[in-house]
2 protein chains.
Amino acid sequence: MSTSADPTGPSRAPAKVKAATIYDVAQAAGVSHQTVSRFLTGFEGIRPATRERVVQALDDLGYRPNLTARSLKSGQSHRIGALTHEISQVGPARIVEGASIAAREAGYVLDIVSLDTRNPLAIEESLALITQHDLAGVLALAVTDEMTRAFEATSFRVPAYVASETDGAEDDPRGMLSRVGIPALVAHLAGLGHRRLVHIAGPTIWSAARNRIRAYDAAIDAQGLVSAGILHGDWSAASGYRAIAELTDLPDATAYVVANDQMALGAMLALKERGLRIPDDISIVGVDDIPEAAYFDPPLTTLRNDFEGQGRAAVSRLLARIERSEAVPVLVPPPLLVARRSSGPAPQR
Amino acid sequence: MSTSADPTGPSRAPAKVKAATIYDVAQAAGVSHQTVSRFLTGFEGIRPATRERVVQALDDLGYRPNLTARSLKSGQSHRIGALTHEISQVGPARIVEGASIAAREAGYVLDIVSLDTRNPLAIEESLALITQHDLAGVLALAVTDEMTRAFEATSFRVPAYVASETDGAEDDPRGMLSRVGIPALVAHLAGLGHRRLVHIAGPTIWSAARNRIRAYDAAIDAQGLVSAGILHGDWSAASGYRAIAELTDLPDATAYVVANDQMALGAMLALKERGLRIPDDISIVGVDDIPEAAYFDPPLTTLRNDFEGQGRAAVSRLLARIERSEAVPVLVPPPLLVARRSSGPAPQR
DNA sequence: CAACTGGATGTTATCGACAACATCCTAGTT
DNA sequence: AACTAGGATGTTGTCGATAACATCCAGTTG
C-alpha cells in the first residue's frame, strides 16, 4: 500500500488555547497546586470532599500532564531512543514495531532513528541529536559494525542496550548458535539426503550475517556435510539473483542455505532461469519467514523468526535496567523451521 | 536479516556524571549563565575575549543542551509525532524512513507510533500519550478510517498534517486520480490488447485502497474497457492468493490489476496453480514496486512509488506549518510504470 | 567635566511539575 | 478547657533553559 503527501489535505490549525496546568486545576478546585499534584501522583491522604473537587476540576479542564515539565523535574523522560538501520527491511521494521508496542504499553514512546549504513557521519549526528533529548534509555535494534562503533564512541548518560542475535552467547556458546536457527535448516536438508551445501550470506558488517555464517559452518561440521562455498549478498533480492547469475559455473551442491528470504527469492529466479527445477534439481531454504515467503514459487522453506517478540524482549530488558526492576525478562521463542516446497529430497546422481 | 535481544550482551552502565548545564559552563568561564545562553542562541554582541572563554568552557565540559528544559521554557519541542499503521509493511515503513530522515535533517526527531488497525482502543491511548509529549507537530502517515476518526476526535494543540494519497484532490479531481498511477497501468494493459480486467483491491478502510478503486474504475471508463469485477484482499500475499484460490470460476478477464505487489505475488501463485501461464494466458500488474517485485516469477509489472519522497514531503509540509516558513514544498514525483514480464499481449481467443 | 548613550553583561522571573518543609486543623487526651 | 499528635493542606524551592529587566562601563557630546 502507499500514501502520499496531500498538499491541500485535511489538517488542523493549532488551537490557541493552551493546555490546563495543575495551577489552573488548583484554582478551579479551590485548592493548592500541590494538592492537585498529590492527587496525580496517587497520594492517599486526601479528604474525600477535596478529592472530589479535584477530580471534577481535572475533568472540567481536560487536564493533561505536561511530560516535558515532569521530566525536567524528575530527570526521567518516558522516551527511549531506538537506533536501527534500514527500517524499510521487513526484519528491522517488525522488530521496531514490536519494540514500539512494548514501549507504549509501558508508557514510553520510542524515538526511532533509522541510520543510513552508508553514511557514518549521519550516525554521529543522530547520536548527538539523541543524547540531547534526555532519554530514559537507548536501544540499538539492528547491529552493524558501524552501529557498534558509534555506540562505543558515544557516552550515553542513560542505560543503553544492544539487541543482537548472539543470544545466550556468554552463557553457552552452543546456545548462541542454536538460537540463530540455521542448524535446524541444515539438519532439515541433511535429512533430505543433501550432502553438499552452499551458503549465501548477508553483508558481514551485520552481526546477524556473521552469526549466520558461523552457525552454518558449525552445522555443516556437526552434520558431517561439505560446504561447497559461501556467496555474498547484501540482503536484497537483487543481490541473491546476482550471486547466482554472475557465476560462470554453479557450485557442486544440491542445496542452498540463504541468509534471508529476499536473497532466496532472487537466487531462485536465477536458478530457474538457468533451467534448474526447484526442488527437483536443487533445494533452497531461507531465513526469516517473511509473509511473502509462503507465496514464492515454489513456497520457501525457511525459519520463522519472531521479530515482534525480539523487539518486545529488547524493550523489556532495557526497561528492567531503567527501572531497576527484577522483572522476569521476556523470552524470545527460538526460530521455528517451516518446511515448504522449495526443499525436497536430494537428486540421485 | 534479523537480530534478537541479547540477555547478556554488550551494554553500558549509566555513567553517574550528570550533564553540564549552562550554570556549570558559566562558572567555568567566569561569566553569568545568561551570557552562555546568549552565546548558544547566536547572539552577536559578545566581546571576543568573553566569547573565547565561553567557547573554551563549553568545550572543556562537553556541554550538551538539555532539550527538555529548552522546550519547557520555549514551549517548542523538536519532536514530531508520527502515526502510522503496520510499519512492517514495506510502504509505510519506507514512508516513515523518508520522514525520519527529513525530520532529522531539520533537527527534529520523530516519535513514531505504530497503531494496530484492529485495536481502536490502542489508537485512543496512543493519541493520549502523544498529546502529552508536547510535540512540535503531529503527522499521520498511513491513512485509514480509524486514523482519520481518531485524528478528528483528538484536539492537538499543535499543527497536524495528514498525508494521504488524494494528491491534488482539492485542486483538480483528475489530478488526484492520475497521481494514484493506476491509469498508467490500465493504459499499459489496454495497449497490450486487454479488454476485460479485474481489480484486486486492498481493505477499504484504507484511503489508499479506496483511491485505487476509484482510479481503476475511472481508468476503465476512460479507456473504454470492461471491468469483470473487483476482488478484495488485505494487502497481504496470503489474501491475494485466497482471492483467486477461493473462486470456483475465474472471472472472464485477461488481466488483473492488483492494488499492491504482495497481493499480486499471492494471486500469481494461485493462478499458476490453476494451470494458467503468466503472461501468456493472463497478465498481472501490481502497485508499489517493492524491491522483490523484480524477482517474482515472472518479474512483476508495477508502479514505482517514491515512498521516501512521500515521507520527506509530508515532513516538509508539516515543518512549513510549524515554522510558518514559506518554503517551497517538496514535490513527490508521480509514480512510474515499470514494465516487466508479468504483463504481455492479450491472448487471442 | 558632567550628562548621556548604548553595548556588554548580570539578576530575577518564568515555564509546569514535583519535593521538602511549613502550617493548619481536627480529634483524642488529661 | 488547654494540649498534643498527626493527618490534610499550603508555601517555597528546584530542575535547565530563555526572556525581561537591571546594571555597569567606556566613549561621546555639549
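Hydrogens, waters and symmetry mates are skipped; everything else that's a heavy atom, side chains included, is used.
A:Asn66 places its CG atom 12 Å from the P atom of C:dC15, with the value rounded to the nearest Å. At whole-Å resolution of the value, CZ in A:Phe43 and C1' in C:dA17 are 17 Å apart. If you take NZ of B:Lys73 and C1' of C:dC15, they are 6 Å apart, rounded to a whole angstrom. For A:Leu72 and D:dG13, the CG to C1' distance is 13 Å, given to the nearest whole Å. Going from atom CZ of B:Arg38 over to atom C1' of D:dC21 covers 11 Å, rounded to whole Å. Atom NE2 of A:His33 is separated from atom C1' of C:dC15 by 14 Å (rounded to the nearest Å). The nearest whole Å value for the distance from the CG atom in B:Asp24 to the P atom in D:dG16 is 8 Å. Between the P atom of C:dT14 and the CD1 atom of A:Ile22 lies a distance of 16 Å, rounded to the nearest Å.
At the heavy-atom level, B:Ser71 lies nowhere under 4.0 Å from the strands shown. A:Tyr63 comes within contact range of the sugar-phosphate backbone alone, with a heavy-atom separation under 4.0 Å but no base atom that close. Residue-level contact check: B:Leu67 touches neither bases nor backbone, having no heavy atom under 4.0 Å from any strand.
Residue B:Thr21 has no polar side-chain atom (N or O) positioned under 4.0 Å from OP1 or OP2 of D:dC15. Regarding contacts with the backbone of D:dT18, a side-chain N or O of B:Ser37 is found under 4.0 angstrom from either OP1 or OP2. Put simply, B:Ser32 has a side-chain N or O that comes within less than 4.0 Å of OP1 or OP2 on C:dG10. Between B:Arg47 and C:dG7 there is no side-chain polar atom (N or O) within less than 4.0 angstrom of OP1 or OP2. For B:Arg70, a side-chain nitrogen or oxygen approaches OP1 or OP2 of D:dT18 to under 4.0 Å.
Of the options A:Ile112, A:Leu139, A:Ile95, a side chain to side chain contact (heavy atoms under 4.5 Å, CB included) to A:Thr84 is made by A:Ile112 and by none of the others.
When all heavy atoms are compared, the tightest approach of A:Arg53 to A:Gly30 is NH2-O, 3.6 Å.
Listed for the A:Ser100 side chain is no donor-acceptor partner under 3.5 Å among the backbone atoms of A:Val96. Although no hydrogens or angles enter the test, the distance criterion places a donor-acceptor pair under 3.5 Å between the side chain of B:Asp24 and the main chain of B:Thr21.
Taking the side chain of B:Gln34 as heavy atoms from C-beta on, and the options D:dT9, C:dT11, C:dA20, the nearest nucleotide is C:dT11.
Between B:Glu52 and B:Arg47 there is no salt bridge, since no side-chain nitrogen of the basic residue lies less than 4.0 Å from a carboxylate oxygen of the acidic one.
Nearer to the 5' terminus of DNA chain C, by closest-nucleotide assignment, is the contact made by B:Thr50 (compared with the other of B:Thr50 and B:Ala69).
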